[in-house]
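The next block holds one structure in the form of structure tokens; read it before the comments.
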Amino acid sequence: MSGNKIRRPRPRLARGFRDVSGEDLTARWSMISIVRRVYERYGFIPLETPTVEFADMLGKFIQETGLPTEGIFSFKADQPDWLALRYDLTAPLSRYVAMHRDLPKPFRRYQVGSVFRVEKPGPGRFREFTQFDIDTVGSASMAADAEICCVLCDAFDALGLEGRYVVRVGNRRVLNGVLEAAGVDTKDGGGLVATRVMRCIDKLERLGLSGIEQLLSQGRMDGSGDFTEGAALSDEQARVVIDYLKSQRETRMACCDAQEAIVSGSEEGRRGVNELREIDEFLTAAGYDETKIIFDPTIVRGLTYYTGPVYEASLRDESGKFTSSIAGGGRYDDLIERFTGQKVPATGASIGVDRLLEVLKGADREPERVSARVLVTQMDKTYAKDYVAITAELRRAGIPSELYLGKGNIGKQFKYADDRGIPVAIIAGEDEFAEGLVSVKNLALGKVVSQEVKERSEWLKREETQVTVAREEMLMKVREILKAQHNE
RNA sequence: GCUGGCGUAGCUCAGAAUGGCUAGAGCACCUGACUGUGGAUCAGGAGGUCUCGGGUUCAAGUCCCGACGCCAGUACCA
């Protein structure tokens, strides 16, 4: 009668976070293991770093205040310094390399794990998501960059995406050269203009060339009346950038020629083009042509720390249009220097596991069932130990099996199996045990039969879904049924 | 962050422009008919602070204000 209600917490999830179902998890694991085998084929070895790092290890803190920047999950626990959830796997890798100076280089490692960002969640966009990274640290060779592109291709091929993706390669040096050639002061304001230009090019796919033109100069008003500040380039300067963006050609070589014509006045630009030429040669030598890897001046990537080649893998639809981006990366020669003061060149890429999984899900494969193959029912509790023994026997034979642990009659037990997609049930009661027999029921077949039957009496008569065999023959019979189903 | 739309059972939604009895339906779920057999059928059952908080009113799911959440666009994305 008391009016005092127990205050129960409502079950809920923090914004941008989610549970992952058994089906999705098995799909993820199988994808990861396929990709992992490809990475290992290239000699990359696994590494795991913690989810939590000091905020300044991630390079994400405001110099003056010492506070972590927004965009990352940060907190103080029992220590005076700010901690943060990692927002990518590259910064922790840099920290790791800087902590282990004796690592033989070049060091190739792969790593898969969750990263966290405080961003606005959207469809397929979460605040915790999985990245699968591959990096080569300590090599300045363009062969390392070429290799990253190749390994991405191999991974996508192994996942059955051959022909549906393309790895696009751009170069930050070339872009800088373009700005230099256009007479934009790239050094001013710590490269702020360059960053702005990059960010706006990054939006090309969504806004189109005309939107980019506006963003490069004064700015752009969007549908909702919101105004985005532009990069304040002059018309001629914007012209040069636009020309560069249009410098894509049929072949990687022709693309290099076109870009070179634009940046010829800039040493940095020429150097960038030469890097691309080298990459092209390595790719060709390795046997990766333009159906897999192309040069694309519109690829710049938003991150500021890239110093040279940048990559992005995109899917394309039938018409050849790029749809979703499934991996990205680039060269970051200055990142480790931050810790050690020594230049350690590095390059790598990151596969967006969740996004890729969405694509694979929509494509071919049907979800894998993760349920047991056999349910051992409990007809009569007095035989409980026998049911345990039967289940153990099946498991020892390598057949995923489950002992029914709930309550309820046999009908309910079949329903349980049916709901979970368990195709076989073992039934044994007084009748069977008296003669050393067990009944093996083919539930999957029964499901088919049930479609054709309307009357219950008739349904119960259909005995072909169940056979009673000697206990010793149980394994054989179960295997037979499972095999028959597998072949269908 | 900004703009707009939405928020009623586990799910999909009625009810609301005009406040008024115990807030409904379908699906899903549970129990039984059916004794040792899933489906179908039938009978029954459970499930709601109408997102939350305040206000107006004799009376609020309905009207007003605010917060939060979700969706779309836009910005940010190191």
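Naming convention: chains lettered A, B, ... in sequence-line order (proteins, then strands); numbering from 1 in each chain.
Counted by atom type alone, A/Y311 and A/T347 present one or more donor-acceptor pairs between their side chains at under 3.5 Å. Side-chain contact of A/D135 with A/Q111: a donor-acceptor pair under 3.5 Å is absent, judged by distance alone.
For the ring pair (Phe, Tyr, Trp, His ring centres under 6.0 Å) test, residues two or more places apart in sequence or in another chain that qualify with A/F17 are A/F73. Scored by the ring pair (Phe, Tyr, Trp, His ring centres under 6.0 Å) test, A/Y165 finds A/F156 as partners (sequence neighbours excluded). Here A/T298 pairs with A/D296 under the side-chain hydrogen bond (donor to acceptor under 3.5 Å, both in side chains) rule; sequence neighbours left out. Not a single ring pair (Phe, Tyr, Trp, His ring centres under 6.0 Å) links A/F116 to another residue, sequence neighbours left out. Shown here are the side-chain hydrogen bond (donor to acceptor under 3.5 Å, both in side chains) partners of A/E402, two or more places apart in sequence or in another chain: A/Y416. Taking A/Y383 as the reference, A/F433 meet the ring pair (Phe, Tyr, Trp, His ring centres under 6.0 Å) condition, with sequence neighbours excluded.
Listed in residue order, the members of residues 302-316 of chain A having a heavy atom less than 4.0 Å from RNA chain B are A/G302, A/L303, A/T304.
Within the nucleic acid shown, A/R125 comes within 4.0 Å of at least one base atom, counting heavy atoms only. Residue-level contact check: A/V118 touches neither bases nor backbone, having no heavy atom under 4.0 Å from any strand. Nucleic acid contact class of A/G411 (heavy atoms, under 4.0 Å, all strands): sugar-phosphate only. Among the protein residues, A/Q413 comes within range of no part of the nucleic acid, since none of its heavy atoms lies under 4.0 Å from any strand. Using a 4.0 Å heavy-atom distance criterion, A/D431 is classed as a base contact.
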In dot-bracket form, how is RNA chain B paired, counting a Watson-Crick or G-U wobble pair only if both its distances are under 3.5 Å and using | for bases paired to another strand? (((((((..((((......[...)))).(((((.......))))).....(((((..]....))))))))))))....
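At a cut-off of 3.5 angstrom, the base of B/rU74 holds at least one donor-acceptor pair with the side chain of A/K120. Below the 3.5 angstrom threshold, one finds no donor paired with an acceptor across the side chain of A/E452 and the base of B/rG39.
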Kindly give the atom pairs (protein nitrogen or oxygen, nucleotide nitrogen or oxygen) under 3.5 Å for nucleotides 29-31 of chain B.
from, atom 1, to, atom 2, distance (Å)
B/rU31, OP1, A/K412, NZ, 3.1

What are the atom names and distances for every N/O pair under 3.5 Å that joins the protein to nucleotides 46-48 of chain B?
none

Just the table, please: protein N/O against nucleotides 32-34 of chain B N/O, every pair under 3.5 Å.
from, atom 1, to, atom 2, distance (Å)
B/rC34, O2, A/R456, NE, 3.2
B/rC34, O2, A/R456, NH2, 2.8
B/rC34, N3, A/R456, NE, 3.4

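Nucleotide B/rA25 is shown with an anti base, its glycosidic torsion being more than 90° from 0.
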Kindly list each side-chain donor-acceptor pair under 3.5 angstrom involving residues 388-395 of chain A, sequence neighbours excluded, with atom names and distances?
from, atom 1, to, atom 2, distance (Å)
A/T391, OG1, A/Y387, O, 2.7
A/E393, OE1, A/R471, NE, 3.4
A/E393, OE1, A/R471, NH2, 3.0
A/R395, NE, A/S401, O, 3.0
A/R395, NH2, A/S401, O, 3.1

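Of the two residues contacting RNA chain B, namely A/R301 and A/S439, the nearest-nucleotide position lying further toward the 5' end is that of A/S439.
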